[in-house]
Amino acid sequence: MAEKQQKGNAQSKGNAPAKDDNKITTRAANYSEWYLEIVRRAGLAENSDVRGCMVIKPTGYAIWEKMQRGLDRMFKDTGHVNAYFPLFIPMSYLAKEEEMAEGFAKECAVVTHYRLKAEKGKPLQVDPTAELEEPLIVRPTSETIIWRTYKDWIQSYRDLPILVNQWANVVRWEMRTRLFLRTTEFLWQEGHTAHANQQEAEEETLRMVNVYKKFAEEFMAMPVMVGPKSEGQKFPGAVYTLCIEAMMQDGKALQAGTSHFLGQNFAKAFDCSFQNEKGQRESPWATSWGVSTRLIGGLIMTHSDDNGLVCPPRLAPIHVAIVPLGRTDAERAPAIAAAEKLAAELRGMPRDDFFSYEPITVKIDVMFDKQPGYRYAEHELRGVPVRVEIGPKDLEKSACAVARRDVPGKEGKQFGVPLDGAAAHINTLLRDIQASLLKKAKAYRDAGLKTADTYAEFQEKLELGGFVAAHWDGTRETEDKVQAETKATIRCIPFPENGLEVAPGVCMVTGAPSKQRVLFARAY
RNA sequence: CGGGCUGUAGCUCAGCUUGGUAGAGCGCCUGGUUCGGGACCAGGAGGUCGCAGGUUCGAAUCCUGUCAGCCCGACCA
C-alpha cells in the first residue's frame with residue numbers, strides 16, 4: 001500500500017528491491033500484512049477476480065471441512081438435523097421483520113432479472129424484458145425464508161421443537177473485505193429452531209453458544225469469552241444475542257460466533273402459530289445461531305507466528321510431514337523406505353474421538369530438488385503440526401528427528417527419536433500440541449485482559465490492546481460515545497462462568513450505577 | 001457514498017516527465033554443481049502495456065472517455 005502510493009514519485013524509480021527473501025512480514029512489522037501473507041503462503045485462500053469474494057483453496061477448505069465435521073457432530077449430539085433452504089429470498093420477506101430489513105438493507109445483493117440477451121456481434125447484456133416482478137435478494141441470513149417455511153410446518157405443539165441447521169453460503173455486500181474475516185460471500189452454518197415456550201428457546205440459545213465455546217476451545221484451541229451483546233450490538237430482529245469473543249494476537253477482538261434469542265418476532269412477522277395442549281393459539285419462540293469461515297481467520301490469528309501458520313492438530317489438514325533426506329539415490333532410498341514405514345504406522349494408529357475417528361494424515365515430502373532448510377521452512381509455513389526428518393545419520397541409529405510446530409525453529413526439534421515406537425510418540429505429541437496451544441492462547445488472552453475504573457485509565461489501557469473490563473451504565477448513548485471517542489465497542493457482557501468477578505460499580509463515563517463490568521475492545 | 005491513488009510477464013514493480021515499438025527481481029522450464037535450517041551457475045519460456053477512441057510518420061509514454069482495483073473516511077455484529 002505504501003509502495004503503491006509512492007508509485008509515480010521520482011524517488012521510487014529504479015527496480016523494486018527483491019521483496020521476497022522467503023521470510024514473511026513479521027507481526028510486529030505489519031500485523032495485517034502478516035495475516036494476509038499467512039493466508040496466501042499457507043495456501044488457504046486467495047482473492048478472486050470477483051470483488052470481495054475469495055477462492056478457498058484446498059488446504060483452507062480442508063480446515064473448513066474439519067470444522068464442519070466437528071461442529072456438525074456437536075449439533076447432531078444436541079438433537080439437531082440438517083436441511084437446506086433457498087439461496088434467493090423475495091424482497092418482501094425481508095420487509096416483514098422491520099429490524100432485520102433495516103439491519104441488512106444496505107448490504108443486500110439483489111436479483112432483478114432472470115435472463116440475458118445474447119446477440120451476435122453485440123455485447124452480452126441483461127434482457128430488459130426479463131425483469132422479475134419482485135426482486136429477489138441473495139440471502140444475507142435465512143430467518144425470513146425459514147420462518148415463512150416454518151409457518152407451514154407448525155400447526156400443533158406436537159410439531160415442536162424444530163431443531164434445524166443448514167450449511168450454506170450467504171452474501172453480505174460489505175464495503176471492505178479481508179480474506180476469511182469479512183468477505184462478500186462466505187460459508188457458514190445457521191441453526192434455526194422453533195420452540196413451544198420461551199424457556200425452552202432461551203435454553204437452546206444458551207446451549208448453542210456453549211457448543212461454540214466448546215468447539216472454539218477444544219478444536220480450535222481458541223479461548224473465548226461468553227456473554228450477551230449490548231442492545232446496540234445485537235442481531236437485528238433478536239431479543240438478545242449471546243456471543244463468543246476471541247482475542248487476536250494484535251489485541252483486537254473477533255466475534256467468533258453468535259446465538260440469538262429471537263423471541264416471537266419472526267413467528268409473528270410470518271404469521272406462524274400453533275395450538276397448545278389447551279387448544280389455545282400461541283406463537284412459537286425462535287432461536288438462530290451461526291459460525292462462519294471467519295473462524296479460519298480467528299484460528300490463524302490466534303496461533304500463527306512469524307514463521308507461518310500454526311494449526312491445532314484437531315483441525316490440521318496434514319498432521320505429520322515426513323522429510324526423507326539424502327544427497328544421492330543411494331541415501332534417499334532407505335530414507336524413503338523408512339518414511340513410508342513410519343507413515344503406514346501412523347495411519348494405522350488406533351482411531352479415537354480426538355481426530356474424529358479419522359486416521360492421522362501423513363505426507364511424505366519428496367521435494368529433493370529443494371534444500372532441506374527450504375523443505376523444513378515450507379512445512380512450518382503451512383502449519384503442519386509435526387515434522388519428521390529421516391536422513392542417513394538418523395538411519396545409522398534407527399532413529400529420526402521430530403519437530404513440533406508450536407515450538408518454531410530448531411528449538412522444537414528433537415533428534416534421536418527411535419523409529420521403533422516413533423508413531424506412538426508422535427500420536428501423543430499431537431495431543432500435547434493441541435493442549436499446549438490452548439494453554440498458550442489462554443495465557444495470552446488472560447494477559448490481555450485488563451480492568452479500568454476511570455475513563456482515562458480505560459483509554460490508556462485500551463491502547464495496550466486486549467479486552468478492558470469496565471463499568472458501563474447500560475445506555476446506548478454511553479456506548480456510542482465510547483465507540484466514537486476510542487473505536488472500542490462492547491464485545492460482551494461476560495457471564496460469571498468466564499471467571500471474571502461480577503460485582504456492581506459505577507459507570508466509568510457517567511458515574512451512573514452499573515451492574516457489572518463489561519468487556520470493551522477494538523474489534524475486527 | 002466523499003477524498004486520494006493505481007492498472008505493464010504468474011507475483012512485486014521499473015520504464016511515462018523529454019513519444020522511436022518493453023525491462024528487473026522473484027516464480028516457472030532445461031541442464032549442471034549443491035543439499036541435516038530458506039543454495040548457486042548457465043540457458044530458456046512467458047506481456048494485444050485494463051479497454052475504447054483521439055493526436056502523431058510513430059503511443060506503454062500525450063489527450064479524452066470508460067471499466068476495474070487499492071488506500072483513507074463513512075459504513076459494516
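Values below: every heavy atom of this structure, side chains too, minus hydrogens, waters and symmetry copies. None of these values were measured; they are calculated from a predicted model.
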Roughly how far apart, to the nearest Å, are B:A14 and B:A24 at atom C1'?
7 Å
Between P on B:G37 and CG on A:Leu381, what's the gap in Å once rounded to a whole number?
18 Å
Closest to side chain of A:Ala377, choosing from B:G37, B:G73, B:C72:
B:G37
May I ask you to say what A:Lys234 touches in the nucleic acid, namely base, sugar-phosphate or nothing, with a heavy-atom cut-off under 4.0 Å?
base
Nearest-nucleotide pick for A:Glu174, side chain only, options being B:G36, B:C76, B:G37:
B:C76
Around A:Trp173, counting heavy atoms of other residues, nucleotides and ligands shown, do more than 12 lie under 6.0 Å from its CH2?
no
Does A:Lys393 have a side-chain nitrogen or oxygen under 4.0 Å from the phosphate oxygens OP1 or OP2 of B:G36?
no
Counting any heavy atom closer than 4.0 Å, what does A:Arg294 reach on the DNA or RNA strands: base, sugar-phosphate only, or nothing?
nothing
Classify the nucleic acid contact of A:Gly409 as base, sugar-phosphate or nothing, counting any heavy atom under 4.0 Å across all strands shown.
base
P-based separation of B:G50 from B:G15 [nearest Å]:
15 Å
Could you give the CG-to-P distance, from A:Leu36 to B:U12, as a whole number of Å?
12 Å
Separation of B:G36 P from A:Arg332 CZ (nearest whole Å):
12 Å
Would you measure the distance from the C1' atom in B:U61 across to the matching atom in B:G54 and give it in whole Å?
15 Å
So, for A:Pro135 and A:Val110, which heavy atoms are closest and what is the spacing to 0.1 Å?
CB-CG1, 3.7 Å
Ring centroid separation A:Trp289 to A:Phe261 under 6.0 Å
no
When the distance from NZ of A:Lys410 to C1' of B:G36 is rounded to whole Å, what number comes out?
9 Å
If you assign A:Gly52 and A:Glu107 each to the RNA chain B nucleotide with the nearest heavy atom, which residue ends up on the more 5' nucleotide?
A:Gly52
Roughly how far apart, to the nearest Å, are B:A59 and B:A42 at atom C1'?
37 Å
Tightest non-hydrogen contact, residues A:His260 and A:Ala238, listed as CB-CB, 4.0 Å
When A:Ser288 is tested against each of A:Glu190, A:Glu204, A:Glu143 for side chain to side chain donor-acceptor pair (under 3.5 Å), which residue passes?
A:Glu143
Think A:Arg327 has a side-chain N or O under 4.0 angstrom from the OP1 or OP2 of B:G36?
no
Considering only atom C1', compute the distance from B:C16 to B:A60 and round it to an integer number of Å.
7 Å
Report which part of the nucleic acid A:Glu46 touches: base, sugar-phosphate, or nothing (heavy-atom distance under 4.0 Å, all strands).
nothing
Please state how far atom CE in A:Met367 lies from atom P in B:G37, giving the value in whole angstrom units.
15 Å
Shortest non-hydrogen pair, A:Ala441 vs A:Pro223, comes out as CB-CD, 3.5 Å
Would A:Asn169 and A:Phe186 count as a side chain to side chain contact (heavy atoms under 4.5 Å, CB included) if you check the C-alpha gap in whole Å, the side-chain angles of each, and the deciding distance to 0.1 Å?
CA-CA 5 Å; A:Asn169 57 339; A:Phe186 56 94; over 6 Å; no
Secondary structure of RNA chain B per the Watson-Crick/G-U criterion (both distances under 3.5 Å; [ ] crossing, | other strand, . unpaired) is (((((((..((((......[..)))).((((((.....)))))).....(((((..]....))))))))))))....
May I have the distance from A:Asn47 (atom CG) to B:U12 (atom P), rounded to whole angstrom?
11 Å
Round to a whole Å and report the spacing from OH of A:Tyr376 to C1' of B:G38.
12 Å
Other residues, nucleotides and ligands only: do more than 12 of their heavy atoms fall within 6.0 Å of NZ on A:Lys413?
yes
Checking only heavy atoms, does the side chain of A:Glu378 share a donor-acceptor pair with the base of B:G37 at less than 3.5 Å?
no
Tell me whether the side-chain N or O atoms of A:Arg387 pair up with the base of B:G37 as donor and acceptor below 3.5 Å, since no angle test is needed here.
yes
I need the residues from residues 465-486 of chain A with at least one non-hydrogen atom less than 4.0 Å from RNA chain B; give them sorted by number, or say none.
none
For B:G36 and B:G32, measure between their C1' atoms and round to the nearest Å.
23 Å
Of all heavy-atom pairs between A:Asn498 and A:Val226, which one has the smallest distance, and what is that distance?
ND2-O, 2.6 Å
Of the non-hydrogen atoms in A:Trp34 and A:Asp305, which two are nearest, and what is the gap between them?
NE1-O, 3.0 Å
With ring centroids as reference points, do A:Phe520 and A:Phe467 lie under 6.0 angstrom apart?
no
Taking atom P in both B:G10 and B:C5, what distance in whole Å separates the two?
28 Å
Within the modelled atom types, does a donor on one side and an acceptor on the other bring the side chain of A:Arg182 and the base of B:C76 under 3.5 Å apart?
yes
Is a side-chain N or O of A:Arg491 found less than 3.5 angstrom from the main chain of A:Glu245, in a donor-acceptor match?
no
Could you tell me how far B:C49 sits from B:C70 if I compare only their P atoms? Round to whole Å.
24 Å
Roughly, in whole Å, what's the span from CZ in A:Arg41 to C1' in B:G27?
11 Å
Contact list (N/O, under 3.5 angstrom) for nucleotides 39-45 of chain B vs protein:
from, atom 1, to, atom 2, distance (Å)
B:A39, OP1, A:Gln371, OE1, 3.4
B:A39, OP2, A:Gln371, OE1, 2.5
B:A39, O4', A:Gln371, OE1, 2.4
B:A39, N9, A:Gln371, OE1, 3.0

Can a donor-acceptor pair be found, under 3.5 Å and without considering hydrogens, that links the side chain of A:Gln516 to the backbone of A:Ile493?
no
Of the non-hydrogen atoms in A:Leu254 and A:Leu181, which two are nearest, and what is the gap between them?
CD1-CD2, 3.9 Å
